[in-house]
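Notes follow the structure.
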Amino acid sequence: MELPPRPDFQSLETGIRAFWEQEGIYKFNPYSKMPVYSIDTPPPTISGKLHIGHAFSYAQADFIARYKRMRGFNVFYPFGFDNNGLPTERLAEETYKIKAKNMPRKEFVDICLKTSEAIEAQYKEVFFAMGLSCDWSLTYRTIEPKVQKKSQLSFLKLYEKGRVYRKLAPTIWCPRCETAIAQVELKDKEVESVFNYILFELEDGKKIEIATTRPELLPSCCAIFVNPEDMRYKHLIGKKARVPIFDFLVPIMADKRADPNKGTGIVMFCTFGDLTDVEWASAYGFEPKISIDQSGLLNELAGKYKGMRIKDARAAIIEDLKQNGLLVRQIPIKHNVNTHERCDTEIEFLLTNQWFVKYLDLKETYLKAGRKIKWWPKHMFARYENWIKGLQWDWCISRQRYFGVPFPVWYCKQCGLEMLADPDQLPVDPLKDFPKRRCKCGSTEFEPEKDVLDTWATSALTPLINADWPENEKLLKKIYPMSLRPNAHDIITFWDFNTIVMCLFHTGKAPFENIMISGHGLDRHGRKMSKSKGNVVLPLDIIKKYSADALRFWASSVKLGEDLNFKEEDLQIGLRNATKLWNTARFAAMHLKAKPKKPKRLHIIDSWLIQELNEVIDDATNAFEAYEYSKAKTIAENFFWNTFCDYYIEMIKYRLYSGKDKDSALWTLYNALLLQLKLFAPFMPFITEEIYQKLFKASERAKSIHLSGWPETYKVVRSKIAISVGRASVECIAAIRKLKKQKNLSLAHELEEITLYHPDIKNAKKAAEDIKETMRIKNIIFKKGSEILAT
RNA sequence: GGGCCUGUGGUCUAGUGGUUAUGACGCCACCCUUACAAGGUGGAGGUCGGCAGUUCAAUUCUGCCCAGGCCCACCA
């Protein structure tokens with residue numbers, strides 16, 4: 001068997017992918033009796049292009065999938081696409097230069113579907129090229145009818161349990177997307193703003209000063225608060241003040257949430273400027289006065305400012321206050337505001353009808369469930385815990401958008417009562433379908449719910465979607481709770497938390513046994529990749545240039561949970577490793593004609609190598625069991641380059657060429673190489689498969705290295721002496737190399753006689769022949785010395 | 001402001017309560033050695049972020065500080 005001098009990674013990887021596909025190497029076997037390892041693959045959001053950061057974290061999950069498969073697990077590794085919701089809408093709008101608002105809904109939804117399909121194909125190409133070992137026949141889309149059905153069923157079941165409710169309530173609102181959003185979708189942004197000190201008049205004509213950054217909310221002012229402990233203002237409590245320009249009276253009240261150190265210590269309470277306002281409204285039972293509409297424009301309550309955008313209204317009101325001498329001063333400040341993470345727009349609080357998942361009452365339950373799951377790395381649990389402790393809002397799951405899973409709900413035109421779809425009519429689109437029953441009031445006239453579900457309400461069901469819940473109880477039993485949820489650390493709150501909540505509601509059980517949190521693949525300077533920053537690196541470009549194996553090798557180079565900056569030159573490392581494996585295989589191929597038989601007696605150097613390898617296998621296995629793939633890789637890498645290539649192979653050459661103890665060398669070479677290929681297989685699935693096919697397939701049973709089983713340690717006679725002899729001989733060889741280097745001699749240069757000093761000459765002497773032959777020394781005089789030295 | 005994480009030769013990284021602190025890239029020198037020059041060998045380069053403490057001993061443990069990251073709070 002001969003291998004060509006250089007592998008062509010491109011055609012090699014293409015060929016191997018075709019082979020995997022054709023042979024169904026990664027197919028989940030629902031009938032197998034082997035233990036199942038199920039993976040809840042993150043369905044990527046369909047929002048544009050995948051970059052190297054995506055490749056980074058998906059590769060890490062794949063390392064585990066491949067390891068577990070080699071350990072004999074029946075791996076359930078599906079793929080999904082999250083293509084409903086805002087990101088896909090926005091992408092469609094950008095791609096086709098359209099606005100959802102300005103066209104028939106159905107037409108827009110069709111365009112979104114079309115957009116999504118095209119992007120899915122591109123995504124799949126990338127993940128496929130990377131060598132993800134998914135079973136692609138298990139692919140789902142969150143927008144497809146089958147998934148819609150499950151998502152709607154989930155809603156109906158939650159409704160029955162009293163876990164969802166609809167309510168007119170202050171809601172976090174994005175004026176740009178014109179939809180309600182959830183707490184988790186908020187991001188903060190530091191902006192420049194101005195503290196405006198405005199005069200309010202008391203009934204007795206005296207004036208008080210109030211500082212605000214949002215004078216446009218003056219028409220929404222409901223009351224004024226001072227701190228009850230604040231001696232300066234105690235006398236104001238119970239009095240009334242007149243709101244400037246808008247000219248109406250509001251009460252002055254005391255509340256400890258008013259901070260004496262902020263502004264003037266007097267705060268105006270408006271519906272709704274911020275979360276405190278929302279709290280005040282409910283605490284004191286104020287009727288909200290809403291002056292900003294759903295597009296972010298001021299309404300009739302704002303009088304002459306009606307129709308203005310928030311920022312314009314602010315400027316206009318400030319100008320008018322100035323004119324009337326009511327603006328005392330302006331102090332520029334920087335402060336953080338909440339924005340919608342998808343579009344960066346400052347959010348408002350509006351009074352709207354929305355659907356909520358009631359979940360604030362069960363925080364302890366979620367914590368308990370979270371504690372039962374093994375988090376890798378462990379400390380990531382703290383983020384989950386931290387999030388739950390800070391939760392303040394029920395989960396708003398309705399979105400005033402178009403492309404998504406519809407609510408299976410109508411409202412009675414007569415009495416307004418909610419009418420829910422029957423489970424057997426799902427998936428349902430209330431815009432074109434009708435309820436099966438009449439309303440309790442007898443009416444048959446219904447208004448459809450136009451909103452769609454928050455995309456996370458669907459993607460929080462992925463373990464159940466994968467298990468084909470609730471129809472397929474057998475599959476559910478087999479794969480649920482899922483063995484592994486892999487994702488990056490930024491979506492612990494979005495996805496992990498929501499999934500745990502939803503699955504607890506539906507099954508009473510936490511949905512995962514393990515959660516593995518990866519870091520981010522960032523650009524050279526540690527920034528996230530994004531189109532707007534112009535720092536996006538495309539995985540396919542890298543794969544073309546360096547191979548998928550090299551890309552994966554890069555992704556395995558930091559420990560789990562750590563971020564990694566992408567530097568193109570680092571790809572060389574993986575490429576070199578693949579080439580080295582290839583060349584080592586070529587060397588082995590030159591000597592291995594058939595599967596070598598186990599020799600009667602192992603040469604002492606071979607025994608040493610096998611025992612070192614055993615240790616490596618143990619260490620790598622332990623690392624993988626703790627999801628420390630990078631440790632496993634480093635262990636294998638060091639052994640391969642150092643012990644195996646630099647020393648062991650050099651030490652057996654003389655035996656291979658001379659024939660002395662050749663059987664032992666061949667047997668060791670064959671097995672050590674095979675086991676090392678297996679250690680590398682999760683990281684470099686292509687090159688290891690190619691070598692396996694060319695060199696080992698004929699004599700090994702498995703049709704793919706990825707089904708060939710994880711290496712087991714060899715039960716050779718444990719010989720402590722062999723280990724000492726091997727290590728001593730390595731040290732002696734190193735000393736002789738140093739000597740030759742000092743004399744600027746080639747390593748092949750023959751020397752007549754040298755003297756070797758070594759603390760353990762007894763064992764060094766046992767490998768005298770190997771040392772001599774390897775280093776081409778005719779005679780060695782061994783002397784005991786505290787330092788290892790050759791002269 | 002709170003939680004969690006990170007800070008190791010020029011760059012990136014491993015690791016440990018105890019001899020000269022791991023490896024890679026880059027750098028220098030030498031070597032065509034019949035698997036591999038996308039290689040081999042040897043070498044230079046680090047007060048392990050700062051300060052204090054615990055200890056016979058700290059890069060490793062504790063506290064504080066500084067810098068960076070992610071998440072949360074703050075928004076009058």
Side-chain angles (χ1 to χ4, degrees), chain A residues 3 5-6 183-184 186-191 193 195-196 210-214 217 221 224-225 257-259 262-270 273-277 280 333 335-338 346-347 377-387 389-392 488-493 517 519-520 522 524 526-528 557-559 561-565 567 569-570 572-573 575-591 630-631 634-635 637-638 641-642 645-646 649-650 653 657 733-734 736-749 774-776:
Chain A
L3 299 180
R6 291 245 161 112
Q183 186 184 348
V184 74
L186 298 180
K187 228 174 104 175
D188 35 286
K189 184 170 89 170
E190 188 173 71
V191 294
S193 185
F195 241 148
N196 300 285
I210 295 180
T212 176
T213 56
R214 301 202 56 188
L217 285 174
C221 184
I224 283 166
F225 283 105
R257 278 167 282 203
D259 181 352
K262 240 178 198 172
T264 60
I266 311 177
V267 52
M268 67 173 193
F269 149 52
C270 305
D274 63 24
L275 199 56
T276 317
D277 291 338
W280 275 329
I333 55 160
H335 68 166
N336 287 318
V337 293
N338 274 325
E346 288 179 38
I347 58 101
K378 219 173 174 177
H379 67 255
M380 292 295 179
F381 173 71
R383 299 203 183 182
Y384 174 83
E385 197 174 22
N386 197 230
W387 169 254
K389 289 185 174 157
L391 269 180
Q392 321 199 39
H489 52 63
D490 56 334
I491 53 172
I492 292 173
T493 53
I517 302 293
H520 282 142
L522 305 168
R524 176 176 292 272
R527 298 171 309 174
K528 269 195 189 181
S557 63
V558 281
K559 68 178 169 206
E562 295 288 297
D563 293 343
L564 179 60
N565 296 0
K567 297 206 195 92
E569 57 269 29
D570 290 345
Q572 293 290 353
I573 299 167
L575 197 59
R576 275 184 41 225
N577 199 70
T579 308
K580 189 82 171 174
L581 280 171
W582 182 259
N583 284 319
T584 308
R586 278 183 67 213
F587 173 78
M590 282 169 48
H591 299 281
S630 77
K631 208 179 200 175
T634 307
I635 290 165
E637 193 185 6
N638 286 344
W641 283 77
N642 197 265
C645 290
D646 294 346
I649 286 185
E650 294 305 324
K653 275 180 181 170
Y657 290 117
I733 288 170
I736 298 169
R737 282 173 175 169
K738 212 168 179 170
L739 175 73
K740 287 195 175 181
K741 159 73 192 162
Q742 275 162 5
K743 299 190 170 175
N744 283 349
L745 297 172
S746 115
L747 293 176
H749 190 95
T774 304
M775 294 311 295
R776 310 213 179 165

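Here is the naming used below: chain letters follow the sequence lines, and residue numbers restart at 1 for every chain.
- Nucleic acid contact for Glu346(A): none, since no nucleic acid atom lies under 4.0 Å from a heavy atom of the residue.
- In this structure, Ser193(A) reaches neither bases nor backbone, as no heavy-atom distance under 4.0 Å exists between it and the strands shown.
- Distance CD1 (Ile635(A)) to P (G15(B)): 10 Å, rounded to an integer number of Å.
- Not one N or O on the side chain of Lys580(A) forms a donor-acceptor pair closer than 3.5 Å with the backbone of Cys645(A).
- Partners of Arg527(A) under the side chain to side chain donor-acceptor pair (under 3.5 Å) rule, at least two apart in sequence or in another chain, are Asp523(A).
- When distances are taken from the side chain of Thr212(A) to each of A76(B), G15(B), C31(B), the shortest belongs to A76(B).
- Rounded to the nearest Å, the gap between the C1' atom of G46(B) and that of U59(B) is 11 Å.
- The separation between Phe381(A) atom CZ and C5(B) atom P is 14 Å, rounded to whole Å.
- Within 4.0 Å of Ile649(A), counting heavy atoms only, lies at least one base atom of the nucleic acid.
- Atom CG of Asp570(A) and atom P of C12(B) are 10 Å apart (whole Å).
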Pairs under 3.5 angstrom, nitrogen or oxygen only, protein versus nucleotides 67-71 of chain B, please.
from   : atom 1 : to        : atom 2 : distance (Å)
C70(B) : O2'    : Arg383(A) : NH1    : 2.9

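- With sequence neighbours excluded, the residues satisfying side chain to side chain donor-acceptor pair (under 3.5 Å) with Asp563(A) are His489(A).
- G50(B) and U34(B) have their P atoms separated by 48 Å, given to the nearest Å.
- Taking the side chain to side chain donor-acceptor pair (under 3.5 Å) definition, one finds that Asn577(A) meets it with Trp641(A), sequence neighbours left out.
- In this entry the distance linking CG of Asn196(A) with P of A76(B) reads 10 Å, nearest Å.
- Atom name P, nucleotides G49(B) and G10(B): the rounded distance is 13 Å, in whole Å.
- Annotation: A52(B) and C66(B) have their C1' atoms spaced 15 Å apart (nearest Å).
- Across the protein-nucleic acid pair, Glu569(A) atom CD and C12(B) atom P stand 11 Å apart, rounded to whole Å.
- When the salt bridge (charged side-chain N to carboxylate O under 4.0 Å, His left out) test is applied to Lys187(A), no partner is found at least two apart in sequence or on another chain.
- Residues satisfying the ring-ring contact (aromatic ring centres under 6.0 Å, His included) test with Phe587(A), not counting sequence neighbours, are His591(A).
- Comparing the same atom, P, in U8(B) and in G15(B) gives a spacing of 14 Å after rounding to whole Å.
- Taking NE2 of His520(A) as the reference point, atom NZ of Lys528(A) lies at 4.5 Å (rounded to 0.5 Å).
- The nearest whole Å value for the distance from the CG atom in Leu739(A) to the P atom in C31(B) is 15 Å.
- Residue Ala258(A) is classed as a base contact, given a heavy-atom separation below 4.0 Å to a base.
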### Query
Which nucleotides of nucleotides 36-43 of chain B have their base under 4.0 Å from a protein heavy atom (B), which only their sugar-phosphate (S), and which neither (-), written as one string 5' to 3'?
B-BSSBBS
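- Across the C1' atoms, A29(B) and U62(B) are found 47 Å apart, a figure rounded to whole Å.
- A search for salt bridge (charged side-chain N to carboxylate O under 4.0 Å, His left out) contacts involving Lys189(A) returns Asp344(A), not counting sequence neighbours.
- Residue-level contact check: Thr584(A) touches the bases, meaning some heavy atom is under 4.0 Å from a base atom.
- Taking 4.0 angstrom as the limit, His379(A) places none of its side-chain polar atoms (N or O) nearer than this to OP1 or OP2 of U6(B).
- Under a 3.5 Å cut-off, the side chain of Asn565(A) and the backbone N or O of Leu522(A) do not form any donor-acceptor pair.
- If you find the closest nucleotide of RNA chain B to Gly561(A) and to Lys631(A), the one lying nearer the 5' end belongs to Gly561(A).
- C30(B) atom P lies 19 Å from atom NZ of Lys740(A), rounded to whole Å.
- Nearest heavy-atom pair, His335(A) versus Ser193(A), reported as atom, atom and distance to 0.1 Å: NE2-CB, 3.4 Å.
- With rounding to whole Å, Lys559(A) atom NZ is found 19 Å from A24(B) atom P.
- Nearest-nucleotide mapping onto RNA chain B: of Glu637(A) and Val558(A), the residue sitting toward the 5' end is Val558(A).
- Here Lys389(A) pairs with Glu385(A) under the salt bridge (charged side-chain N to carboxylate O under 4.0 Å, His left out) rule; sequence neighbours left out.
- Stems are defined here as 3 or more consecutive Watson-Crick or G-U wobble pairs with pairing distances under 3.5 Å; those involving RNA chain B are B:1-7 with B:66-72, B:10-12 with B:23-25, B:27-31 with B:39-43, B:49-53 with B:61-65.
- Listed pair Tyr657(A) / U33(B) fails the phosphate criterion, with no side-chain N or O lying under 4.0 Å from OP1 or OP2.
- Taking the salt bridge (charged side-chain N to carboxylate O under 4.0 Å, His left out) definition, one finds that Arg737(A) meets it with nothing, sequence neighbours left out.
- Annotation: U54(B) and C71(B) have their C1' atoms spaced 33 Å apart (nearest Å).
- For Asn386(A) (side chain) and Ala382(A) (main-chain N/O), no donor-acceptor pair under 3.5 Å exists by modelled atom type.
- Using atom C1' as the reference point in both C48(B) and U13(B), the two lie 13 Å apart (nearest Å).
- Note on Asn565(A): nothing from the nucleic acid sits closer than 4.0 angstrom, heavy atoms only.
- For Glu569(A), the side chain to side chain donor-acceptor pair (under 3.5 Å) criterion is met by Arg524(A), not counting sequence neighbours.
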